[in-house]
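Scope of the values below: all heavy atoms of this structure, side chains included, with no hydrogens, waters or symmetry mates. Since the structure is predicted, the reported quantities are computational estimates derived from the model, not experimental observations. For ligands, and for the atoms within them, numbers begin at 1 and follow the listed sequence.
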Amino acid sequence: MSVRIMGTGSALPKKCVSNEELAQLVDTSDEWIRERTGIGSRHISTGETVVSLAAEACCKALENAGRKGEEVALLLVATCTPEDALPCAACQVQDRIGAAKAVAYDLNAACAGFLFAVHTAWAYLEAGIYDNALIAGAEVLSKIVDWNDRGTCILFGDGAGAVYLERCEEARGGILSFVQHSDGGRGAVLSCAGREQENPYFHGEHRHPYVQMDGREVFSFAVRQVPEAVREALAKAGREVKDVDLFVLHQANRRIIEGIAKRLSADMERFPMNLERVGNTSSAAVPLLLDELNRQGRLRQGMTLVLSGFGAGLTYGACVLQW
Ligand code: UT7
């Protein structure tokens with residue numbers, strides 16, 4: 001028995017914003033952004049929502065797998081930017097894609113959310129509780145970004161990616177191993193306040209309602225922890241760095257990915273990137289890139305892939321799979 005990704009999909013808002021356009025909003029330049037991050041443009045919502053983007057990505061993943069919404073047993077949406085507190089984004093996606101039989105709920109582990117959702121689904125499928133799962137990572141970060149803060153607004157983009165997983169009789173391949181970690185003690189380095197504590201009996205203090213980040217701390221956390229998590233997941237799968245065909249990593253910053261590659265002593269050709277075009281899309285980043293690679297025909301049967309996500313929480317995880 002194995003659990004396999006049978007289909008992928010993704011969706012991006014129509015509007016693409018270049019670095020030059022951002023330089024009209026804040027004191028920055030195309031040169032600075034490209035040099036420090038590798039980002040050239042990002043897609044920003046002009047009305048698209050987490051639900052609309054996730055639903056589009058999910059439909060494409062189902063189509064890619066040759067499956068229909070009514071067949072879906074488990075539907076998870078990883079997001080830290082849902083439109084509504086209630087109902088959850090996954091239930092709204094369920095309604096839009098006609099997945100009436102699915103159990104649907106959201107999961108928030110920020111940029112590691114998609115990886116954590118795949119791990120959750122994998123556990124259900126391995127345990128025989130469900131036969132398949134549809135998992136989306138979807139974000140509209142543009143609504144929680146401070147558009148006056150040049151240290152953060154240049155990094156993020158909106159979008160969604162999705163995968164459809166199925167339990168197969170075939171004994172080999174599919175998802176081979178997982179690791180996931182959380183470090184709440186360091187959570188303050190990347191945060192965004194939710195709604196105010198406010199009721200007839202209590203008025204909480206005002207908190208900054210936008211993303212706040214200590215970029216250098218997040219940078220060094222990622223470069224240190226991700227290679228460790230990747231090695232841990234590879235060891236669990238009985239593989240080594242040299243066996244990996246592609247490392248599909250969270251698209252936060254080109255220099256972070258280069259730092260991780262260096263620590264793993266792996267050549268950069270094995271680290272595909274799309275952050276130049278889409279920026280950091282948090283939980284959508286890994287499935288968005290995976291879908292692009294799939295549609296470009298770059299994923300061949302039998303290839304060994306490592307997926308890894310990391311971000312606010314702090315949270316991070318890695319997965320080894322055979323395509
Ligand atoms: O999903 C995880 C999400 N977070 C991340 O991935 C963030 C990880 N961290 C990073 O990617 C980098 O730390 C940043 C790209 C955010 C910042 O790059 P850096 O090389 O760490 O720059 P810095 O924060 O040390 O700032 C260097 C200088 C500062 O000026 P001074 O103090 O040296 O005069 C900043 O004010 O660059 C300035 N700066 C900018 N200049 C032009 C900061 N942002 C900008 C900007 N344009 N957008």
Undergrad: Could you tell me whether the side chain of Glu217 and the main chain of Asp214 form a donor-acceptor pair under 3.5 Å?
TA: no

Undergrad: Considering only residues two or more places apart or on different chains, which pairs with a residue in residues 88-111 satisfy side chain to side chain donor-acceptor pair (under 3.5 Å)?
TA: Asp84-Gln92, Tyr105-Tyr124

Undergrad: Tabulate below the donor-acceptor pairs under 3.5 Å that side-chain atoms of residues 223-234 make, not counting sequence neighbours, or state none.
TA:
| unit_1 | atom_1 | unit_2 | atom_2 | d |
| --- | --- | --- | --- | --- |
| Gln225 | NE2 | Tyr316 | OH | 3.2 |
| Arg231 | NH2 | Arg263 | O | 3.0 |
| Glu232 | OE1 | His181 | NE2 | 2.9 |

Undergrad: Show the short N or O contacts, below 3.5 Å, that ligand 1 makes with protein N or O atoms; if there are none, say 'none'.
TA:
| unit_1 | atom_1 | unit_2 | atom_2 | d |
| --- | --- | --- | --- | --- |
| ligand 1 | 1 (O) | His250 | NE2 | 2.9 |
| ligand 1 | 1 (O) | Asn280 | ND2 | 2.9 |
| ligand 1 | 9 (N) | Gly215 | O | 3.0 |
| ligand 1 | 11 (O) | Asn253 | ND2 | 2.7 |
| ligand 1 | 13 (O) | Gly215 | O | 3.3 |
| ligand 1 | 20 (O) | Arg36 | NH1 | 2.8 |
| ligand 1 | 20 (O) | Arg255 | NH2 | 3.1 |
| ligand 1 | 22 (O) | Arg36 | NH1 | 3.4 |
| ligand 1 | 25 (O) | Arg216 | NE | 2.6 |
| ligand 1 | 25 (O) | Arg216 | NH2 | 2.6 |
| ligand 1 | 36 (O) | Arg150 | NH2 | 2.9 |
| ligand 1 | 41 (N) | Trp32 | NE1 | 3.4 |
| ligand 1 | 41 (N) | Arg150 | NH1 | 3.4 |
| ligand 1 | 47 (N) | Thr28 | OG1 | 2.7 |
| ligand 1 | 48 (N) | Thr28 | OG1 | 3.1 |
| ligand 1 | 48 (N) | Arg150 | O | 2.9 |

Undergrad: Check the orientation of Phe271 and Phe247. Use parallel for under 30°, tilted for 30 to 60°, and perpendicular for over 60°.
TA: parallel

Undergrad: Suppose we screen for salt bridge (charged side-chain N to carboxylate O under 4.0 Å, His left out). Which residues come up paired with Glu20, at least two apart in sequence or across chains?
TA: none

Undergrad: Donor-acceptor pair, Arg270 side chain versus Val244 backbone, under 3.5 Å?
TA: yes

